[in-house]
2 protein chains.
Amino acid sequence: MGTDPTDTAAPRATPDEAAGDLSPWSTRPDPEAERRAKRMAVLRSAARQFNEKGFRATSMDDVATALQVTKPTIYHYFASKDEILFECVRLGLSQIREGTTGAAERGGTGLERMQAMVHAYALSMTHDFGICVSRTGDAELSPESRAKFRALKREIDDIVREIIEAGIEDGSMRSEDPKIATFLVAGAINWIARWYRPDGARTREEIADFAVQHLTRALAA
Amino acid sequence: MGTDPTDTAAPRATPDEAAGDLSPWSTRPDPEAERRAKRMAVLRSAARQFNEKGFRATSMDDVATALQVTKPTIYHYFASKDEILFECVRLGLSQIREGTTGAAERGGTGLERMQAMVHAYALSMTHDFGICVSRTGDAELSPESRAKFRALKREIDDIVREIIEAGIEDGSMRSEDPKIATFLVAGAINWIARWYRPDGARTREEIADFAVQHLTRALAA
DNA sequence: ACGCGACCTTACCCGCGGGTATACTGGCGA
DNA sequence: TCGCCAGTATACCCGCGGGTAAGGTCGCGT
C-alpha cells in the first residue's frame with residue numbers, strides 16, 4: 001500500500017535555501033495553480049449548464065456529476081451556489097470590460113472607437129461567461145452579489161455611453177438621446193447570447209462584424 | 001342567514017322562453033365572465049411578480065397572498081404554475097403579434113411598415129405580459145409549453161424578418177443579412193423590458209418613438 | 001514512521017414550495 | 001326546504017435541492 005515507492009517525479013532537488021516558493025523545482029504538481037485550475041473547471045462547467053438549463057434548474061449535483069465528482073467536492077472550492085454564479089458573471093463582465101475599455105482608449109474618432117467596442121462586446125457574448133452575464137437576471141443572486149453585479153454592469157453601460165457621447169461631440173456620430181441609444185445598442189448585443197449557437201450558420205467573427213456594421217449605421221453622422 | 005332578501009339585482013324577469021343565456025336579464029353576477037375576470041387577475045398579479053422577482057423565486061403562495069386568497073383558490077382556476085406562466089407569455093405574444101401584423105398589413109413602403117412595427121413592438125415591451133415574454137427563458141417552461149412558446153416567438157421573428165425583406169425588395173431599406181438584422185432589431189426591442197421603469201425619465205411613447213427613429217436608421221437605404 | 005492537512009467520499013439534514021385531500025359556506029334551481 | 005355545485009379555506013404530503021457532518025485516503029514535511 002503506502003510502501004510502494006512510486007517515484008514518478010523528477011529528481012527532487014533539495015532546495016538549498018528557503019528561497020521562497022518560486023523555484024521551479026520544489027513540489028511537482030504545483031501548489032495552488034491546480035486549485036485555481038479546478039475552480040476554473042467548476043466555473044466553466046457550471047456556466048455552460050446555467051446557460052443551457054437556467055440557474056435555478058441546475059442543481060449542485062448536476063454541476064458535480066458533470067465533473068465526475070460529488071457535491072462536497074464543489075463545496076471544497078466554493079462557499080455557495082451564489083458564489084459560483086457570481087464568479088461566472090464576474091469573469092464575463094471583466095472580459096467585456098477589457099474589450100470595451102480597450103476600444104475606448106484607442107485612438108480615432110468616436111465612431112471608430114464605437115466600432116471596435118461593438119466588435120469586442122459582441123464577441124464576448126458568444127462565450128460561456130459572457131452568455132452567463134446576459135442570461136442572469138438580478139433576481140437569482142443574493143442581495144450582496146446583486147449589488148456588485150449591478151455595479152459592474154453599470155460600468156459597461158457607462159463605457160458604451162461615453163463612447164457614444166464622445167462620438168457626438170467630435171461630430172462622427174449623432175443621436176438625440178445617448179442614454180436610450182446606449183440601452184438599445186447594449187440590448188441588441190446582449191441579446192446575441194440568446195440566439196447564438198456555435199453550430200449556427202455564422203461564425204462568431206461574422207456575427208460580430210455584422211453587428212458592428214448594423215449598429216454603427218444607426219448612429220453614424 | 002339565508003333568509004335575508006338582499007334583492008340588489010335588477011328586476012329578475014322570468015325568461016319567457018329557453019332563449020339561451022344571451023338575455024341581459026337572467027342571473028346578475030354573470031355566469032362565467034366573472035371566472036374569466038378572476039383568471040385575468042391571477043395572471044396580472046403573477047406576471048408582475050414574475051417580472052419583479054423571477055419565475056422560480058415567485059411561489060404560488062406569493063401569487064395567492066398578493067390577491068388576498070389562498071393557494072387552492074389559485075389551483076381552482078389554473079392547473080399548474082406552468083400553465084400560469086404560459087398564459088402570461090401567450091397573452092404577451094398575442095399582443096405583440098397583433099401590433100406587428102397590423103403594421104405588416106398596412107400600406108406603404110417596407111420602411112414605413114417597419115416604423116409602425118417597431119413602435120407597436122416596443123410599446124408592448126413596456127407592459128406586464130410583454131415584459132414577461134422577454135424575461136422568460138425557455139428553461140422555465142415544461143417541454144410542451146416550451147415548444148408552443150418557441151413557435152409563437154418564431155412567428156414574431158418571421159413577421160419582423162418579412163417586413164425587412166420586403167423593405168429591401170422595394171428599395172426602401174438595405175441589409176446584407178436580414179436574418180441577423182432581425183435578431184439585432186428584436187434584441188434591442190426585447191431588451192427594453194429589462195430596463196424600462198414606469199417611473200423613469202421617459203414615457204412609453206417617447207421610448208417607442210425613439211426606438212423607431214434609432215432602429216430604422218440602421219436599415220434605411 | 002508519523003502525523004498533518006488537502007481533498008474527496010457516503011450519508012444525512014431540513015426547509016421550501018408545488019400540489020392535494022377534505023371540509024365548510026352560500027346561492028341557485030327544483 | 002332540500003340538495004347541488006362553485007368557490008374558498010385549513011391542513012397536509014413529499015420530493016427536490018442547498019448545504020453539512022464525519023470519516024477515509026494520499027502525499028507531503030519532519
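Chain identifiers are assigned alphabetically (A, B, ...) following the order of the sequence lines, protein sequences preceding nucleic acid strands; residue numbering begins at 1 within each chain.
Computed from coordinates, the B:His76 NE2 to C:dT25 P distance equals 18 Å when rounded to whole Å. Look at CZ on B:Arg36: it is 17 Å from C1' on D:dA6, rounded to the nearest Å. Distance, B:Phe78 CZ to C:dG19 P: 13 Å, rounded to whole Å. Per the geometry, CD belonging to A:Glu34 stands 12 Å off P belonging to D:dG27, to the nearest Å.
Ion pairing of B:Asp82 with B:Arg146 is absent here, as no side-chain N (NZ or NE/NH1/NH2) approaches a carboxylate O to less than 4.0 Å. Ion pairing of B:Lys53 with A:Glu140 is absent here, as no side-chain N (NZ or NE/NH1/NH2) approaches a carboxylate O to less than 4.0 Å. Under the 4.0 Å criterion applied to side-chain N and carboxylate O atoms, B:Arg154 and B:Asp157 are not assigned as salt-bridge partners.
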Name the pairs: protein N/O against N/O of nucleotides 17-22 of chain D, kept only if under 3.5 Å.
unit_1 : atom_1 : unit_2  : atom_2 : d
D:dG18 : OP1    : A:Lys81 : NZ     : 2.8
D:dG18 : OP2    : A:Met60 : N      : 2.6
D:dG18 : N7     : A:Lys71 : NZ     : 3.1
D:dG19 : OP2    : A:Tyr75 : OH     : 2.8
D:dG19 : OP2    : A:Lys81 : N      : 3.0
D:dG19 : N7     : A:Lys71 : NZ     : 2.9
D:dG19 : O6     : A:Lys71 : NZ     : 2.6

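A side-chain donor-acceptor contact under 3.5 Å links B:Glu83 to the backbone of B:Ala79.
Residues B:Ser45 and B:Phe50 have side chains not in contact (no heavy-atom distance under 4.5 Å, counting atoms from C-beta outward).
The side chain of B:Tyr77 lies closest to D:dT8 when the candidates are D:dT8, C:dT9, C:dC7.
Between B:Thr70 and D:dT8 there is no side-chain polar atom (N or O) within less than 4.0 angstrom of OP1 or OP2.
By the side chain to side chain donor-acceptor pair (under 3.5 Å) test, A:Arg48 is found to be paired with A:Asp128, residues two or more places apart in sequence or in another chain being considered.
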